[in-house]
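Some notes on the structure that comes next.
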Amino acid sequence: MTSSQSRYFEVYDSWKRDPEGFWAEAAKDISWYRLWDKVHDPYAGHHGAWFAGAECNTAYNCLDRHVEAGRGDQTALIYDSPVTGTVKTFSYTELTAEVARLAHVLIELGVRTGDRVVIYMPMIPEAVISMLACARIGAVHSVVFGGFAAAELATRIDDSKPVAILSTSCGIEGSRVVPYKPLIDAAIERAQHKPRYCLILKRPMAEATLVPGRDLDWQEMLERGNGATVGPVAVKATDPLYVLYTSGTTGKPKGVVRDNGGHMVALKWTMPNFYDIAPGEVFWAASDVGWVVGHSYVCYAPLLHGATTLVYEGKPVGTPDAGAFWRVISQHKVSALFTAPTAFRAIKKEDPEGNLVRDYDLSSLRTLFLAGERADPETLKWAETKLQVPVIDHWWQTETGWAIAGNPVGLGLLPVKYGSPTVPMPGYALDVLDEVGNLLPCGKQGTIAIKLPLPPGCLPTLWQDDQRFRSSYLTQFPGYYSTSDAGFLDEDGYVYVMARTDDVINVAGHRLSTGQMEEVVAQHKDVAECAVIGVQDSLKGQLPVGFVVLNAGVDREASEVEAEVVQLVRDVIGPVAAFKTVMVVNRLPKTRSGKILRGTMRQMADGQAWAMPATIDDPAILEEIKAVLELRGLAQAKIV
Ligand code: COA
Ligand code: AMP
């Protein structure tokens, strides 16, 4: 298709001409208990608010509404778990009943509108049921990814102060059973805030010892409810639906707040217009519910749209092989798959010729969507060739909750330019700015900034920390939200997203902070100072690599300390940090003002051309680092 055949420009222009009219029109697809006073009120909330004055319920729109409209018998959710050998489906009627029953249990536990509930669960239907049960009663859920360790869970408990934690006895990582209960006990022990209750779903693969008075058996509580249900409550469109913590530059994660009304309007709009999905079709986001993609496209968007969502408890490879995705697509007639490029790199590594693709009937699959990290053209082209469907890269962040830029399949595809996630979506006006906020011309790289106000669905603030919201996103460029992504726009308005401008790295599609890792490494008793950088990795995109200088007088084998530092990061942040490489060095390279030259170290480790910084304090130290990197096979550095 040529750009003239796509409706994109017409739709984007209609938004630009009348943003409020555009979103008011989109909001007609949502059921409201009370309509808004203003589509966008610049004076409401901390930073303006969408649909201020309106009342709604997200769970109602995801569930009851479809049952009332005659979609009750349609499959709402498919649970496919190769790690337990289970496939189970829930119709809209059944899912509504499950959610309403769990909502009743939550009410019995004293959870009320506005209270927080932490959900720490693997990819099982109860994760989605828990999210929707919270939404039904207006409680604010905070899902914590299972790959985080107890200390990370404790940080989130202390920040969100939940009344209850909903969890299970274990998750399953490939063939490894990961007991969750000891992690929860350790997190609560560590946290200042103590939740009143933990509701624990016992899975047959692992026992869970319940603490009397605090821990409750999920199944028993549901049975005690004897089928009692509660209906959806009306909440304000601007009330929080959830808080999702994401990595920032420090050890303290950012609690991204999502509201109810704007979130529903934006997500619902994306299903036909961006993803080209019709109600009743199967939409599969192969992401964990612990990440934003899991929130938006495993739980909320497909259900808001009356589509069928798929909860997959498995991996792209190893459960049992690199044909796992193709098996799921053919078995459940998936229309669109959404995953991270790293998943395809993992598949390509195991099955470079794509032989396993041929074993399955993939005729249902119309489109593959990729996000979460830069889609490298090689992987994208491999997927296109093997699957013979359009492969759509799109760029978004936990903060935005939906795509900032992409190629809108539903509006008609624009020509693909490899390496670019294409064009901004309605709601997003992008500029590229230099360090002091000057507009940069086409082709020049700078920070990509979004003109305020942000569209519906984007974060209104950070949980209980409006000051941090402002300083993190709004103060650097007045009138803009800074994405902290560096990139450029080309003469056709295509955006290229190249790198983060902060300490955030992207490891296997997981957002992590090197600053946070440095804080943890520095806790080791023998470490005097340290630096953690993200280096390129052909499978996971990036991997963290640490450099540590030991305290004077420490007389131990470097390898011993290195192993302890690796274990420390795994224990404190969790296995998801994938922190496995650390090296003891004599000194860290610094500028004369004492700033560690992380950028130059990264260039060296990536084997890129690098230049001796003019401000360097002692050039010999960089030479030492280069030698250490080469010894570890990490650099083919050359001075230019
Ligand atoms: N619970 C417990 N541990 C977990 C976990 C969870 N939910 N998720 C990951 N881990 C562990 C892994 O088992 C691994 O442990 P190990 O060090 O003992 O091997 C470690 O955390 C690192 O995990 P990961 O980086 O994911 O590596 P992997 O080899 O297990 O899997 C991929 C690699 C590419 C297959 C996998 O990361 C993937 O599918 N990524 C896609 C991510 C995604 O969908 N992101 C959302 C945006 S769309
Ligand atoms: P997360 O908040 O986990 O969704 O991570 C958001 C970050 O991932 C962004 O700020 C980008 O750095 C990166 N990212 C996500 N999608 C893309 C993409 N399609 N292209 C390039 N970078 C991306």
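The structure displayed is predicted, hence computed values, not measured ones.
- Side-chain atoms of Thr308 come within 3.5 Å of backbone atoms of Thr75 as a donor-acceptor pair (strictly under, hydrogens ignored).
- Using a 4.5 Å cut-off on side-chain heavy atoms (C-beta onward), Leu102 and Ser130 make contact.
- For the pair Lys254 (side chain) and Ser247 (backbone), a donor-acceptor distance under 3.5 Å is absent.
- The backbone N or O of Ile188 sits less than 3.5 Å from a side-chain atom of Lys194, completing a donor-acceptor pair.
- Checked by atom type and distance alone, the side chain of Ser169 pairs as donor or acceptor with a backbone atom of Ala206 at under 3.5 Å.
- Tyr300 and His263 have perpendicular rings, their planes meeting at more than 60° on a 0 to 90° scale where under 30° would count as parallel.
- Here the two rings, on His305 and His66, have centers that are 6.0 Å apart or farther.
- With hydrogens and angles ignored, the 3.5 Å screen pairs no side-chain donor or acceptor of Gln219 with any backbone N or O of Leu201.
- Side-chain contact check for His141 versus His295: some heavy-atom pair is nearer than 4.5 Å.
- Side chain of Asp115 to backbone of Arg112: a donor-acceptor contact under 3.5 angstrom is found.
- Taking the centre of each ring, His394 and Phe338 come in below the 6.0 Å mark.
- Panel note: side chain Thr86, backbone Ser81; no donor-acceptor pair is recorded below 3.5 Å.
- Contact record, Val143 with Leu244: O-CD1, 3.7 Å, taken as the closest heavy-atom pair.
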ask   = Given the rule in the side chain to side chain contact (heavy atoms under 4.5 Å, CB included) test, do Trp50 and Val265 qualify, once you have shown the distances and angles that lead to the verdict?
value = CA-CA 10 Å; Trp50 288 99; Val265 172; over 6 Å; no
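- Taking every heavy atom of both residues into account, Phe90 and Glu94 meet most closely at CA-OE1, 3.4 Å.
- Of the charged side-chain nitrogens involved, none lies within less than 4.0 Å of a carboxylate oxygen, so that Lys333 and Asp361 do not count as a salt-bridged pair.
- What you find for His193 and Pro162 is that their closest heavy atoms are NE2-O, 2.7 Å.
- Using the six-membered ring where Trp is involved, Phe369 and Tyr275 have ring planes that are perpendicular, over 60° apart on the 30 and 60° scheme.
- Using a 4.5 Å heavy-atom cutoff, the side chains of Thr246 and Glu399 are in contact.
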request  = Could you walk me through whether Arg345 and Glu350 pass the salt bridge (Lys or Arg N to Asp or Glu O under 4.0 Å) test, one step at a time?
outcome  = CA-CA 9 Å; Arg345 288 196 296 269; Glu350 301 256 312; over 6 Å; no
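- Between Ala307 and Ala278, the shortest heavy-atom distance links the atoms CB-O, 4.3 Å.
- Between Arg214 and the choices Leu216, Leu210, Val211, the side chain to side chain contact (heavy atoms under 4.5 Å, CB included) rule is met once, by Val211.
- The aromatic ring centres of Tyr312 and His332 sit 6.0 Å or more apart.
- The distance from the CE atom of Met271 to the CG atom of Asp29 is 12.5 Å, given to the nearest 0.5 Å.
- No option in Val298, Leu267, Leu95 other than Leu95 meets the side chain to side chain contact (heavy atoms under 4.5 Å, CB included) test with Leu303.
- Using a 4.5 Å heavy-atom threshold, the side chains of Leu365 and Ser335 count as separate.
- Phe145 does not carry Arg156 over the face of its six-membered ring by the limits of under 6.0 Å from the centre and within 45° of the normal.
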ask   = Would Cys170 and Arg203 satisfy side chain to side chain contact (heavy atoms under 4.5 Å, CB included), going step by step from the backbone distance to the final call?
value = CA-CA 7 Å; Cys170 66; Arg203 304 183 80 191; 4.1 Å; yes
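- The distance between the ring centers of Tyr297 and Trp396 falls below 6.0 angstrom.
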key: side chain to side chain contact (heavy atoms under 4.5 Å, CB included) evaluation trace for Thr398 with Trp291   = CA-CA 8 Å; Thr398 304; Trp291 307 110; over 6 Å; no
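- Val504 approaches Gly248 most closely through the heavy-atom pair CG2-O, 4.0 Å.
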inquiry  = Run the salt bridge (Lys or Arg N to Asp or Glu O under 4.0 Å) test on Glu173 and Lys315 for me, step by step, so that the C-alpha distance in whole Å, both residues' side-chain angles and the decisive distance to 0.1 Å come before the verdict.
reply    = CA-CA 8 Å; Glu173 269 296 293; Lys315 299 256 176 187; 2.9 Å; yes
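- Side-chain N or O atoms of Gln74 include one that pairs as donor or acceptor with a backbone N or O of Gly306 at under 3.5 Å.
- Electrostatic pairing of Asp485 and Arg374 does not count as a salt bridge here, judged by no charged N lying under 4.0 Å from a carboxylate O.
- Checked against the 6.0 Å centroid criterion, the rings of Trp32 and Phe51 qualify as a close aromatic pair.
- A salt bridge links Lys252 with Asp159: the distance from a Lys NZ or Arg NE/NH1/NH2 to an Asp or Glu carboxylate oxygen falls below 4.0 Å.
- Heavy atoms only, all atoms of each residue included: Val257 and Leu462 are closest at CG2-C, 3.8 Å.
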query = Going through the distances and angles, do Arg258 and Val292 end up as a side chain to side chain contact (heavy atoms under 4.5 Å, CB included)?
reply = CA-CA 11 Å; Arg258 195 81 59 211; Val292 66; 3.6 Å; yes
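- Taking the six-membered ring where tryptophan is involved, the planes of Trp269 and Trp23 are perpendicular, since the angle between them exceeds 60° and thus also 30°.
- At least one side-chain heavy atom of Leu387 sits under 4.5 Å from a side-chain heavy atom of Phe344.
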message = Working note: Tyr481 + Gln397, criterion side chain to side chain donor-acceptor pair (under 3.5 Å); need CA distance, chi angles, decisive distance, verdict.
response = CA-CA 12 Å; Tyr481 162 93; Gln397 306 188 321; 2.7 Å; yes
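- Side-chain atoms of Thr58 and Asn260 include a donor-acceptor pair closer than 3.5 Å.
- Between Leu310 and Asp80, some side-chain heavy-atom pair lies under the 4.5 Å cut-off.
- No donor-acceptor contact under 3.5 angstrom links the side chains of Arg116 and Ser142, judged on distance only.
- Considering only heavy atoms from C-beta on, Leu132 comes within 4.5 Å of Cys299 through its side chain.
- For the pair Arg101 and Glu223, the salt-bridge criterion is not met [side-chain N within less than 4.0 Å of a carboxylate O].
- Aromatic ring centres of Phe274 and Trp402: separated by at least 6.0 Å.
- No donor-acceptor distance shorter than 3.5 angstrom exists from the side chain of Asp215 to the backbone of Ile200, with no hydrogens or angles considered.
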task = Apply salt bridge (Lys or Arg N to Asp or Glu O under 4.0 Å) to Asp158 and Arg190, showing your working.
result = CA-CA 9 Å; Asp158 274 336; Arg190 213 180 158 108; over 6 Å; no
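- Two residues are said to be in side-chain contact when any heavy atoms from C-beta on lie closer than 4.5 Å; Lys202 and Asp217 meet this criterion.
- A centroid separation of 6.0 Å or more is found between the aromatic rings of Phe469 and His46.
- Using a cutoff of 4.0 Å between basic side-chain nitrogens and carboxylate oxygens, Arg366 and Glu281 are scored as salt-bridged.
- A donor-acceptor contact closer than 3.5 angstrom is absent between the side chains of Glu68 and Tyr92.
- The aromatic ring centroids of Tyr360 and Trp326 lie 6.0 Å or more from each other.
- Thr238 places no side-chain N or O within donor-acceptor distance of the main-chain N or O of Ala52, the cut-off being under 3.5 Å.
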